[in-house]
Protein chains: 2
Amino acid sequence: MDNARVEPRIPRGFQDFLPERMIPRQRMIDTIRGVYELHGFSPIETPAVELEEVLTGQLGSDKEIFRFLDGDQHVALRFDLTVPLARVCAQYSKVLPTPFRRYHVGPVWRDEKPRPGRFREFVQFDIDIVGDASVDADVEVLVTMVETLRSLGVPCFVVRANHRQALQAMIAFAGVDVGQTDEVLRTLDKLSRLGWEAVSRLLGNAPGDPLPGIDVVPLGLPADSVERIRRFVEIRGGDNGEVLEGLRAYFGDYEPARRAIADLEHIDATSRALGLPEGQVEIDLSIARGLSYYTGPIFETTITDLPSHGSVCSGGRYDGLVARFGDETVPATGASIGVDRLFSALEELGLVKARPSVTEALVVVLDRSMMTEYWKLAAELRAAGVRTEVFLGQKGLKAQMRYANRQGIRVACLLGGDELQKGVVAVKRLDMEIEAQGKQVEVPRAEVAARVRDLVAG
Amino acid sequence: MDNARVEPRIPRGFQDFLPERMIPRQRMIDTIRGVYELHGFSPIETPAVELEEVLTGQLGSDKEIFRFLDGDQHVALRFDLTVPLARVCAQYSKVLPTPFRRYHVGPVWRDEKPRPGRFREFVQFDIDIVGDASVDADVEVLVTMVETLRSLGVPCFVVRANHRQALQAMIAFAGVDVGQTDEVLRTLDKLSRLGWEAVSRLLGNAPGDPLPGIDVVPLGLPADSVERIRRFVEIRGGDNGEVLEGLRAYFGDYEPARRAIADLEHIDATSRALGLPEGQVEIDLSIARGLSYYTGPIFETTITDLPSHGSVCSGGRYDGLVARFGDETVPATGASIGVDRLFSALEELGLVKARPSVTEALVVVLDRSMMTEYWKLAAELRAAGVRTEVFLGQKGLKAQMRYANRQGIRVACLLGGDELQKGVVAVKRLDMEIEAQGKQVEVPRAEVAARVRDLVAG
């Protein structure tokens, strides 16, 4: 062991989860997994480390990845779970079923400047359907996400849907060079954060004319292009029917927008047919999504009570991504839950119950010569499904009870020489109101496990 | 999207898990987690990326870590979950309870040469108890691990226990310079793989005298030191009592070995008192463990039917590690399951049921104009707890049934215009013997969910 003391700290933009937050976070992940599996998505896992060439190219995040050398290979930490899925689909195309429905939960990394609430390692929890080009697959993804957020108890949220082909048609319709499409989309993606005034300047100002506080170069589009873009993103209505009406009016017979309009109509109709509440799925032509690989319906999800929180769940169709690694175009659509962002949203909504420990019952150590008895009692409690620990450490009764209280343990089991002789265990409830706290009953040894199980379940 | 086709592949020594293996692997992880929680261990999570100074020093793995620059910070991927735990214990010492019982599951990385069955990213699943110096904590870790392997259905395994203080005492007793302790331990760690002949040459040959096929420099110990080491590692017996007898005879009154002998006696006595089968926990003085941070009891676990498979679960006491990051010595003990190695062991033992999909029921699409009906039927099945998918893709009945069979889906639900009018769904079992395969019954619509639930549960 070396002698120099090392400062215990982690790199900027990373975080630890201690049990208090990790326990409910794990429960949240389990709930999401349960819903995903009910919807027929199966798990996969891929390495954190990918070859750099797999992750780079025009995927819209070249500057944001952690790279390093592995021998003579250039490798990098994955920045999302979608690109690895596309690689998997090409690499194992002969053995994977069509359609391929998978979920994947795991950390991703972005080499971005740390900001409050913005981490450089965060967990994504994705579902995707690969191999079906129809809007039905998009609907299935969307329905699964709605069901997931409901299962987590999120009281009120809106899924905002748009369509990349509508945006692309609009950009062409506005007379913008097709080569600027990605830049226009990335600029529109800032709309909810910056508002139209700032975005219109980013679109229209000359490139040599940087804007204060925004480190993005303006695109220099002509004023009438910016005006056509404005007219599009500001198509609004009292319901989806009115927005779709506005969309049809905007494009008229413009062919490149036809598929997008039909898909959005289908998404709206199916949502209503499935009985989703009015406004749960909202056609919103102002959302764009930053990543360049989307090709069809796209969506974002915001929690109504936390509008500034950003999207907790988003996704879309990306029919070209698998072809990057293979010979054929494979249609694909999916969505991603930002686990960390959603978890902090649930915390803000008061939906998270912080718990210092998973333990339900403590076997108090009254007499160290009886340790074997304590291990046996713990084994019985565990066999009955009670999460149990034997107190470890050289501490007296008071300190052990204080530990149990701080840890949120609900039942203490006391067994000393007297109880052993009488064939009983003193069972003490710790989670009741103050006046009842001291409540302690002697339970025959043979009944202890069942009694404690009922107490912690109650 | 860029146009250059990228080869779909992963770096050497890494692996993908497709659903067929990921589904049982996930179930295995869930089982382990269940046992850990029953034993009162709570989850934590820490970043994959740590500051390099946290991971390096004399921790015995300097050459094996993936390092990179994060801005001007030297960072690295963690190589185990124990060092991050020690950092956490020092960093949050004011808020963590004593004892602190935590579990942690996650990938770790080692920049080693890839070998068959040896990966450079692998998942560890650890438990540790921090804050109790008594051998009771070691016993609790050991008992939890035995319970875990039993819960996974491993039929026959042996936990081999030794004690670092016994090894250190033996090394001093053999007249070896204390500065060579770590090197001797690392050499002894190769004993089960290389055998005594090779190890004795590694201990005794002169440093300038490299051995064919082994890229380790010999230590050049005098012959009588090597002989004393041999006499120690070859202490054997028909049971633990005889081994302990041999150990006492070897050391006589030698003070530095006293604590080790007492701890090993206690571990043996408690295992027997708790009714573990004879031979389940075996005192084996030849195991050493490679990492330098151990200070007390250490153990390894091998599966009896797979002796060449190596240890699937190992650990020990490391009382000095937390002090590396703080001012005070904090006692700690724990163990780690090598998830990937254990999983491949279970596969070899035939204990893993490969499953292509989690889906239990397929809603067949007979008529695309009835998609809404299919979504509704799927929602009912899911509400009843049946993992269900609606078939996605433009395929006929035969292709859909073939998909269901290949995916191991047990029930197909067929709903066409006729069934809709009659208010029924045709429910077809797919998982029965050939002659019964075609068995298809019409079930009233209101009863479908309950009926399918019973079918897939049965």
Side-chain angles (χ1 to χ4, degrees), chain A residues 1-2 6 8 10-11 14 16-19 22-23 26 37-38 40 42-49 51 53-54 57-58 66 68 70 73 75 87-88 90-92 97 99 101 107 121 129 132 136-137 273-274 293 320 324-325 357-359 371-372 375 382 387-389 392-393 403 406-407, chain B residues 1-2 6 8 10-11 14 16-19 22-23 26 37-38 40 42-49 51 53-54 57-58 66 68 70 73 75 87-88 90-92 97 99 101 107 121 129 131-132 136-137 273-274 320 324-325 357-359 371-372 375 382 387-389 392-393 403 406-407:
Chain A
M1 203 67 53
D2 52 353
V6 176
I10 48 179
F14 290 82
D16 291 312
F17 288 93
L18 302 186
M22 191 60 208
I23 294 167
Q26 183 64 56
E37 293 201 348
L38 275 179
S42 295
I44 71 164
E45 212 160 270
T46 67
V49 178
L51 293 170
E53 66 195 32
V54 165
Q58 298 296 314
F66 286 108
F68 51 102
D70 168 20
Q73 289 184 116
V75 298
R87 175 190 54 73
V88 161
Q91 191 168 344
Y92 307 99
R101 304 162 71 108
E121 173 184 74
I129 300 169
D132 182 30
D136 292 323
L274 292 178
Y293 52 58
R324 199 168 167 263
F325 304 100
S357 161
V358 298
T359 301
M371 281 307 288
T372 307
W375 293 130
R382 289 161 180 166
R387 296 193 294 269
T388 304
E389 56 184 279
L392 292 170
Y403 169 82
R406 281 201 193 136
Q407 290 291 90
Chain B
M1 204 67 55
D2 53 351
V6 176
I10 48 179
F14 290 82
D16 291 312
F17 288 91
L18 302 185
M22 190 61 209
I23 294 168
Q26 183 65 56
E37 293 200 350
L38 274 180
S42 295
I44 70 164
E45 212 160 271
T46 66
V49 178
L51 294 170
E53 65 193 34
V54 164
Q58 298 295 315
F66 286 108
F68 51 102
D70 167 21
Q73 288 183 117
V75 298
R87 175 191 52 75
V88 161
Q91 192 169 343
Y92 307 100
R101 304 163 72 108
E121 175 183 73
I129 300 170
D132 182 31
D136 293 322
L274 292 179
R324 200 169 167 261
F325 303 101
S357 161
V358 298
T359 302
M371 280 307 287
T372 307
W375 294 130
R382 289 160 178 166
R387 296 192 294 267
T388 304
E389 55 185 279
L392 293 170
Y403 168 82
R406 281 200 193 136
Q407 291 290 91

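Scope of the values below: all heavy atoms of this structure, side chains included, with no hydrogens, waters or symmetry mates.
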Can you tell me which portion of [X] sits under 4.5 Å from chain A's heavy atoms? Options are side chain, backbone, both or neither.
X: B:Arg406; value: neither
X: B:Val49; value: both
X: B:Glu45; value: both

What distance separates [X] [atom1] from [Y] [atom2], expressed to the nearest 0.5 Å?
X: A:Asp132; Y: B:Leu392; atom1: CG; atom2: CG; result: 5.0 Å
X: B:Ile23; Y: A:Glu37; atom1: CD1; atom2: CD; result: 7.5 Å
X: A:Leu38; Y: B:Thr388; atom1: CG; atom2: OG1; result: 7.5 Å

[Y] backbone acceptor or donor facing [X] side chain under 3.5 Å:
X: A:Ser42; Y: B:Val358; result: yes
X: B:Gln26; Y: A:Pro43; result: no
X: A:Glu121; Y: B:Ala48; result: yes

Subject >> side-chain contact (heavy atoms from CB on, under 4.5 Å) between A:Asp16 and B:Tyr92, worked out >> reply: CA-CA 10 Å; A:Asp16 291 312; B:Tyr92 307 100; 2.6 Å; yes
For chain A, which of [options] has the most heavy-atom pairs under 4.5 Å?
options: B:Gly393, B:Ala137, B:Pro8; value: B:Pro8
options: B:Asp70, B:Val75, B:Thr372; value: B:Asp70
options: B:Pro107, B:Ala90, B:Pro97; value: B:Pro97

Subject >> Considering all heavy atoms, the nearest B:Glu389-A:Gly40 contact >> reply: OE2-O, 3.7 Å
Subject >> Trace of the side-chain contact (heavy atoms from CB on, under 4.5 Å) decision for A:Val6 with B:Arg87 >> reply: CA-CA 9 Å; A:Val6 176; B:Arg87 175 191 52 75; over 6 Å; no
Original post:
Stepwise, does the side-chain contact (heavy atoms from CB on, under 4.5 Å) test hold for B:Thr359 with A:Arg101?
Top reply: CA-CA 10 Å; B:Thr359 302; A:Arg101 304 162 71 108; 5.5 Å; no
